[in-house]
Protein chains: 2
Amino acid sequence: MSGAPRTGPYVCGLDAAMDVVGGKWKSLILWELRQGARRFGELRRGLPGVSERVLARQLREMEEDELVHREVYPVVPPHVEYSLTEQGRSLYGALESLGAWGRRRIARIGAARLDVEHAGG
Amino acid sequence: MSGAPRTGPYVCGLDAAMDVVGGKWKSLILWELRQGARRFGELRRGLPGVSERVLARQLREMEEDELVHREVYPVVPPHVEYSLTEQGRSLYGALESLGAWGRRRIARIGAARLDVEHAGG
DNA sequence: CTGTATCCAGCATGATACTG
DNA sequence: CAGTATCATGCTGGATACAG
């Protein structure tokens, strides 16, 4: 997964939730935005490996899903800020226990990535 | 996503968790096994749309990730039971708040699937 | 019943170049 | 800076047939 989410039919809540966070970078985008707005370039630098095209696309999908708000400042050079909507924040909250599970798993198998600044999540 | 999980490097716990649960049917498999063992055919019937190949593959990956236990009874005809391991149960637990979020989302957008028996999840 | 072996298609993801 | 346009590709997921 995933491209644009399905909008159902869903078998259960897990199904629906995975549908909107399933994109390769989406949970990481939520993570990046968890404490405030970020500009496109900041997100790009914070997500080592994303291409511009893919980042833009996943952000648009999350915007359609009302998880992310896109604020455009009509200045030169362009300035765009992304932030979590209320739904985005609640989704991030719902993902916290999953993140904790993942951290325990990383500890078990020893697969942490130490070359990024936010390795605490 | 996803094929065989990466085994890192991971940026954060969310990353690691999404890696093992990102397969199209994996969260649903967790859901199916949440209350006890199931046979291959039962899972297949409970997951409308999976092909044998894909179901077998995702189960093998979850087995490698130690989320699922595969018990083979050497009888004729073959009898195999799948169940959650301790880690699988803890992952399912960590997913519950996400499932709740998804149910709220379904309620908002009205995308529930009513033709399956376990639409409560 | 529980799979594996092939073959296939689509799409998500990527790299790069170019634009307002 | 913040994208879009194009083109390339790998891989997940799917259909079907066959096997122990």
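In what follows, every chain begins at residue 1, and chains take the letters A, B, ... in the order their sequences are listed.
Spacing between atom CD of A:Glu81 and atom P of D:dA2 amounts to 9 Å, rounded to whole angstrom units. What separates OH of B:Tyr73 from C1' of C:dG3 is a distance of 18 Å, to the nearest Å. One atom, NE2 of B:His79, and another, C1' of C:dG3, lie 15 Å apart when rounded to the nearest Å. Atom P of nucleotide D:dG3 and atom CG of A:Leu59 are separated by 8 Å, given to the nearest angstrom.
Phosphate contact (OP1/OP2 of D:dA2, side-chain N/O of A:Arg38, threshold under 4.0 Å): absent. In this structure, B:Tyr82 does not reach the C:dC1 phosphate: none of its side-chain N or O atoms is under 4.0 Å from OP1 or OP2. A close approach under 4.0 Å does not occur between any side-chain nitrogen or oxygen of A:Gln58 and OP1 or OP2 of C:dA12. Dashed line: the shortest gap from a side-chain N or O of B:Arg60 to OP1 or OP2 of C:dG3 is under 4.0 Å.
For the helix from C:dC1-D:dG20 to C:dG20-D:dC1, the axis fitted to the five pairs at one end and the axis fitted to the five pairs at the other end meet at an angle of 50° (nearest 10 degrees).
The ring pair (Phe, Tyr, Trp, His ring centres under 6.0 Å) test applied to A:His69 returns no partner, not counting sequence neighbours. With sequence neighbours excluded, the residues satisfying salt bridge (charged side-chain N to carboxylate O under 4.0 Å, His left out) with B:Arg89 are B:Glu86. Listed by chain and residue number, A:Glu52 satisfy the salt bridge (charged side-chain N to carboxylate O under 4.0 Å, His left out) test with A:Arg44 (two or more places apart in sequence, or in another chain). By the side-chain contact (heavy atoms from CB on, under 4.5 Å) test, A:Val72 is found to be paired with A:Arg70, A:Val80, residues two or more places apart in sequence or in another chain being considered. Not a single side chain to side chain donor-acceptor pair (under 3.5 Å) links A:Arg60 to another residue, sequence neighbours left out. Remark: A:Glu66 pairs with A:Gln87 by the side-chain contact (heavy atoms from CB on, under 4.5 Å) rule, at least two apart or across chains.
Looking at A:Thr85, its side chain does come within 3.5 Å of a backbone N or O of A:Leu67 through a donor-acceptor pair.
For B:Lys24, the listed nucleotide lying nearest its side chain is D:dG14; candidates were C:dG3, D:dG14, D:dT4.
Residue pairs meeting the ring pair (Phe, Tyr, Trp, His ring centres under 6.0 Å) criterion with at least one partner in residues 82-102 of chain B, sequence neighbours excluded, are absent.
In this structure, B:Glu32 pairs ionically with B:Arg38, as a charged nitrogen and a carboxylate oxygen lie closer than 4.0 Å.
Along DNA chain C, the nucleotide closest to B:Arg70 and the one closest to A:Pro77 are compared, and the more 5′ of them pairs with B:Arg70.
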Polar atom pairs (N or O), protein with nucleotides 15-20 of chain D, under 3.5 Å:
from   : atom 1 : to      : atom 2 : distance (Å)
D:dA17 : N6     : B:Glu52 : OE1    : 3.3

